[in-house]
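What you see below is based on every heavy atom in this structure, not just the backbone, and it leaves out hydrogens, waters and symmetry mates.
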Amino acid sequence: MDTIIIGIGNPVLTDDSVGLKIADCLRDRLRGRPGVTVTQLCCGGINLMEAMAGYDRAVVIDAITDGGGKPGTVYAFGLTDLFQSRNTWSGHDASLPVAMELGGAVGLRLPGDVRIWAVEAHDVSTFGEHLTPDVQCAVPLVVADVVRHVESGPRGLSGRTTA
């Protein structure tokens, strides 16, 4: 079963880079694992859907600013449970669920299992390359959870954990 892991965010906007940083950790941790690809994107919507094409499973990791938890809270959910993460929705593009529907309608082979991990951000507007402390504490939690997901195969996920 081929799996793609996609960290999304902006590398120069403090906590918005959490998905990218987690993808870097996962790339190192899962290096050499057959059938697993780890990549990064700076946008969601249609570009995110296109990156998933041809894979059986997809994992998306992003920052969230309105999940309701304190900074560093980790959310895990499926595509049907998706609420707005920092980059999966855009006023200039389709939302991820709409993009997936469009991709399926034109015959793309899209993953049947899409899981999203989102970390509640503290600061997504200050230029900086380092995460705030609470968000940094969430990184190893998400890395461990995604590794477990990849190793165990598809399973139900939904909920939140505070770092």
Side-chain angles (χ1 to χ4, degrees), residues 1-27 29-30 33-69 73-121 124-125 135 138-139 141-143 145-161:
M1 182 174 286
D2 289 336
T3 302
I4 187 164
I5 299 169
I6 305 167
I8 55 179
N10 186 321
V12 297
L13 286 180
T14 314
D15 291 340
D16 193 42
S17 67
V18 70
L20 304 175
K21 288 179 174 30
I22 292 170
D24 282 340
C25 294
L26 287 164
R27 183 178 293 113
R29 183 92 178 262
L30 297 170
R33 173 100 17 127
V36 176
T37 301
V38 180
T39 192
Q40 298 173 325
L41 290 175
C42 293
C43 56
I46 292 174
N47 288 318
L48 181 55
M49 176 272 297
E50 288 175 335
M52 295 179 191
Y55 289 90
D56 302 303
R57 293 191 305 169
V59 170
V60 178
I61 306 155
D62 197 7
I64 192 167
T65 56
D66 59 357
T73 300
V74 176
Y75 304 88
F77 42 93
L79 187 60
T80 58
D81 305 320
L82 181 63
F83 54 100
Q84 184 172 345
S85 70
R86 179 90 173 124
N87 295 295
T88 57
W89 293 66
S90 167
H92 304 286
D93 197 350
S95 67
L96 180 56
V98 169
M100 295 292 282
E101 188 175 319
L102 291 171
V106 298
L108 293 178
R109 186 172 76 84
L110 297 171
D113 180 26
V114 178
R115 304 293 176 180
I116 294 100
W117 271 263
V119 178
E120 188 79 40
V124 293
S125 59
V135 173
V139 170
L141 297 174
V142 177
V143 169
D145 211 19
V146 171
V147 168
R148 273 193 304 276
H149 174 68
V150 168
E151 291 175 346
S152 68
R155 62 184 169 93
L157 288 175
S158 188
R160 79 178 172 190
T161 306

**OP:** Of all the heavy-atom pairs spanning A51 and I4, show the shortest one and how long it is.
**Re:** O-CD1, 3.3 Å
**OP:** Please report the closest heavy-atom contact between A121 and D15, naming both atoms and the distance.
**Re:** CB-CB, 3.6 Å
Original post:
Taking C-beta and beyond as the side chain, do I5 and V36 meet within less than 4.5 Å on heavy atoms?
Top reply: yes
Original post:
How long is the gap from OG on S17 to CD1 on I8, to the nearest 0.5 Å?
Top reply: 12.5 Å
**OP:** Take L108 and M49 through the test side chain to side chain contact (heavy atoms under 4.5 Å, CB included) and record every step on the way to the result.
**Re:** CA-CA 10 Å; L108 293 178; M49 176 272 297; 3.6 Å; yes
Subject >> Over all atoms of both residues, closest heavy-atom pair of G69 and Y75 >> reply: N-OH, 2.9 Å
Original post:
When rounded to the nearest 0.5 angstrom, what distance separates OG1 in T3 from CZ in R33?
Top reply: 10.0 Å
Original post:
Are the side chain of R57 and the backbone of V150 linked by a donor-acceptor contact shorter than 3.5 Å?
Top reply: yes
**OP:** Check the pair V18 / V142 against side chain to side chain contact (heavy atoms under 4.5 Å, CB included), numbers first and verdict last.
**Re:** CA-CA 10 Å; V18 70; V142 177; over 6 Å; no
**OP:** Any chance you could measure I22, atom CD1, to R29, atom CZ, to the nearest 0.5 Å?
**Re:** 12.5 Å
Subject >> Approximate separation, where rounding is to 0.5 Å, of I6 CD1 and Y55 OH >> reply: 8.0 Å
Original post:
Does the side chain to side chain contact (heavy atoms under 4.5 Å, CB included) test come out yes or no for L96 and M100, once each step is laid out?
Top reply: CA-CA 6 Å; L96 180 56; M100 295 292 282; 3.9 Å; yes
Subject >> Stepwise side chain to side chain contact (heavy atoms under 4.5 Å, CB included) check, L26 with I61 >> reply: CA-CA 11 Å; L26 287 164; I61 306 155; 3.5 Å; yes
Original post:
Under a 4.5 Å cut-off applied to non-hydrogen side-chain atoms, are R115 and D145 in contact?
Top reply: no
**OP:** Identify the two heavy atoms, one from V143 and one from C25, that lie closest to each other, and give their separation to 0.1 Å.
**Re:** CG2-CB, 3.7 Å
**OP:** For atom CD of E50, decide whether the heavy atoms of other residues, nucleotides or ligands shown that lie under 6.0 angstrom number more than 12.
**Re:** yes
Subject >> Which atom of L20 lies closest to which atom of P11, heavy atoms considered >> reply: CD1-N, 3.5 Å
Original post:
In chain order, what residues pass the salt bridge (Lys or Arg N to Asp or Glu O under 4.0 Å) check against R109, with sequence neighbours excluded?
Top reply: D56
Subject >> Which atom of A138 lies closest to which atom of V74, heavy atoms considered >> reply: CB-CG2, 3.8 Å
Original post:
Measuring from C43:SG to N10:CG, what's the distance to the nearest 0.5 Å?
Top reply: 11.0 Å
Subject >> N-O pairing of D24 and R27 below 4.0 Å >> reply: yes
**OP:** Enter the distance from D16:CG to C42:SG here, rounded to the nearest 0.5 Å.
**Re:** 9.0 Å
